[in-house]
2 protein chains.
Amino acid sequence: MTEEKVELLKGTLDMLILKVVALGPIHGYAIAQRIQQISRDFFRLQQGSLYPALHRLEDRAWLKAEWKSSETGREAKFYALTPKGRKQLEAEVKSWEQLTDAVALILRAAE
Amino acid sequence: MTEEKVELLKGTLDMLILKVVALGPIHGYAIAQRIQQISRDFFRLQQGSLYPALHRLEDRAWLKAEWKSSETGREAKFYALTPKGRKQLEAEVKSWEQLTDAVALILRAAE
DNA sequence: AGCGACACCTAGCACATCTACATATACGGC
DNA sequence: GCCGTATATGTAGATGTGCTAGGTGTCGCT
């Protein structure tokens, strides 16, 4: 069966979204596509994860939303990073690196 | 205040515990100490995370427990990896690496 | 007319981790 | 003999995040 189901680690999604939005204003649907594309199809972001996350990030004032028409000529909500969001992204990247370093220490530990 | 609170990513704890137990039979309390020590004090594993996790791993037959007397002469539950647990550890390490690689792709993505 | 891609959304579940508490023994210092 | 600290295990409840599974509507192609 090898049900190849890739789940995100809880806590990483915010960082990934912030990072993608940091590349330039972008609407929700496209964020999911970008993440999937950049990760070479590894992450497949579900809409039920995506939209609540976006609202969460907006509530925390890390993102700012604005309705504009998308490339295809439709109305879409474009998200941009706030200054606070930029700081948050930096902080999350830093603690992600610390955490992966610490995990690496343990995984490499020998008898 | 810079409340330096390090939280584990949900999903990593099992792997870390399996890895530490793989180094040799060890009791719960010592697992927490080892993880803290090897990670250079980065992870501070709380008892409320540790013991439920151990029971979970035992339920899934990845660990086997046995009461023995500890180094200090007290009764303690010593955990050892089962063959199933060893396979699980390998699988988790592999998917951890894939996941961190995928995250790295996104974090390094430029405009 | 129907279908897939685009674009948004929510309700409810699952589940892991944290905080906080509870229990008990061994050992050293006073 | 008593008290505090370290050792050792455990549970209850809250929190938060991501998932499944549903829903709405538009556009473009055949």
Side-chain angles (χ1 to χ4, degrees), chain A residues 3-18 25-37 42-60 62-63 65-79 92 95-96 99 103, chain B residues 3-18 25-37 42-60 62-63 65-79 88 92 96 99 103:
Chain A
E3 242 300 277
E4 212 54 83
K5 176 123 67 67
V6 178
E7 292 199 21
L8 281 167
L9 281 181
K10 312 205 173 184
T12 39
L13 180 56
D14 289 2
M15 179 176 71
L16 297 182
I17 291 177
L18 288 174
I26 185 171
H27 60 81
Y29 193 82
I31 291 173
Q33 290 180 314
R34 286 281 263 159
I35 287 180
Q36 183 168 343
Q37 179 193 26
F42 187 78
F43 294 128
R44 274 162 209 214
L45 187 43
Q46 305 306 311
Q47 305 195 334
S49 311
L50 172 68
Y51 292 109
L54 286 172
H55 300 153
R56 195 166 63 226
L57 298 178
E58 204 185 347
D59 284 346
R60 293 179 186 163
W62 296 340
L63 294 183
E66 197 185 350
W67 286 94
K68 283 193 213 167
S69 65
S70 76
E71 316 79 44
T72 64
R74 285 206 258 144
E75 286 302 292
K77 228 183 191 169
F78 278 73
Y79 289 92
E92 290 201 15
S95 76
W96 167 258
L99 190 135
V103 169
Chain B
E3 242 299 277
E4 212 54 86
K5 176 124 65 70
V6 179
E7 290 198 23
L8 281 166
L9 283 180
K10 311 203 173 185
T12 38
L13 180 56
D14 289 2
M15 179 176 70
L16 298 182
I17 291 176
L18 288 174
I26 185 171
H27 60 83
Y29 192 83
I31 291 172
Q33 289 180 316
R34 287 280 264 163
I35 287 180
Q36 182 168 343
Q37 179 192 26
F42 187 79
F43 295 127
R44 275 164 210 212
L45 188 43
Q46 306 306 312
Q47 309 192 331
S49 311
L50 172 68
Y51 292 109
L54 287 173
H55 299 154
R56 195 165 64 228
L57 298 178
E58 204 185 347
D59 284 347
R60 293 178 185 162
W62 296 338
L63 295 184
E66 197 185 350
W67 286 94
K68 283 193 215 168
S69 63
S70 76
E71 316 79 42
T72 64
R74 290 214 247 154
E75 286 302 292
K77 228 181 188 172
F78 279 73
Y79 289 92
Q88 180 62 22
E92 291 201 14
W96 167 257
L99 189 135
V103 169

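So that the names make sense, note that chain A is the first sequence line, chain B the second, and so on, each numbered from 1.
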Let me know the distance between [atom1] of [X] and [atom2] of [N], rounded to the nearest Å.
X	N	atom1	atom2	result
B/R34	D/dA8	CZ	P	14 Å
B/I31	D/dT7	CD1	C1'	15 Å
B/L57	D/dG10	CG	P	13 Å
A/E66	C/dC8	CD	P	14 Å
A/L50	D/dG18	CG	C1'	12 Å
B/F78	D/dT7	CZ	P	14 Å
B/Q46	D/dT9	CD	P	16 Å

Side-chain N,O (A/H55) to OP1/OP2 (C/dT10) below 4.0 Å: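 It does, given that an N or O in the side chain of A/H55 lies less than 4.0 Å from OP1 or OP2 of C/dT10.
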
Pick out the pairs of N or O atoms, protein on one side and nucleotides 4-7 of chain C on the other, that lie under 3.5 Å.
unit_1 : atom_1 : unit_2 : atom_2 : d
C/dC6  : O4'    : A/R74  : NH2    : 3.4
C/dC6  : O2     : A/R74  : NH1    : 2.7
C/dC6  : O2     : A/R74  : NH2    : 3.4
C/dA7  : OP1    : A/S70  : OG     : 2.5
C/dA7  : OP1    : A/T72  : OG1    : 2.7

Validation row: [X], [Y] side chains within 4.5 angstrom (heavy atoms):
X	Y	value
A/R60	A/D14	yes
B/L50	B/L13	no
B/L8	B/S49	no
B/V103	A/M15	yes

Distance (rounded to the nearest 0.5 Å) between B/I31 CD1 and B/L45 CG: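 These two atoms lie 8.5 Å from each other.
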
Aromatic plane relationship, B/H27 with B/Y29 - under 30° parallel, 30 to 60° tilted, over 60° perpendicular: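 Geometry flag for B/H27 against B/Y29: parallel rings.
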
What N/O pairs connect the protein and nucleotides 13-17 of chain C at under 3.5 Å? Give each pair on its own line.
unit_1 : atom_1 : unit_2 : atom_2 : d
C/dA16 : OP1    : B/R60  : NH2    : 3.0
C/dA16 : N3     : B/K10  : NZ     : 3.3
C/dT17 : OP1    : B/G11  : N      : 2.9
C/dT17 : OP1    : B/L13  : N      : 3.4
C/dT17 : OP2    : B/R56  : NH2    : 2.7

Considering all heavy atoms, the nearest B/K10-A/L9 contact: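 Nearest heavy atoms, B/K10 then A/L9: O-CD2, 3.1 Å.
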
side-chain contact (heavy atoms from CB on, under 4.5 Å) between B/W67 and B/K77, intermediate numbers included: CA-CA 4 Å; B/W67 286 94; B/K77 228 181 188 172; 3.7 Å; yes

Partner residues of B/R74 under the salt bridge (charged side-chain N to carboxylate O under 4.0 Å, His left out) criterion, sequence neighbours left out: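 Listed in chain order: nothing, the list is empty.
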
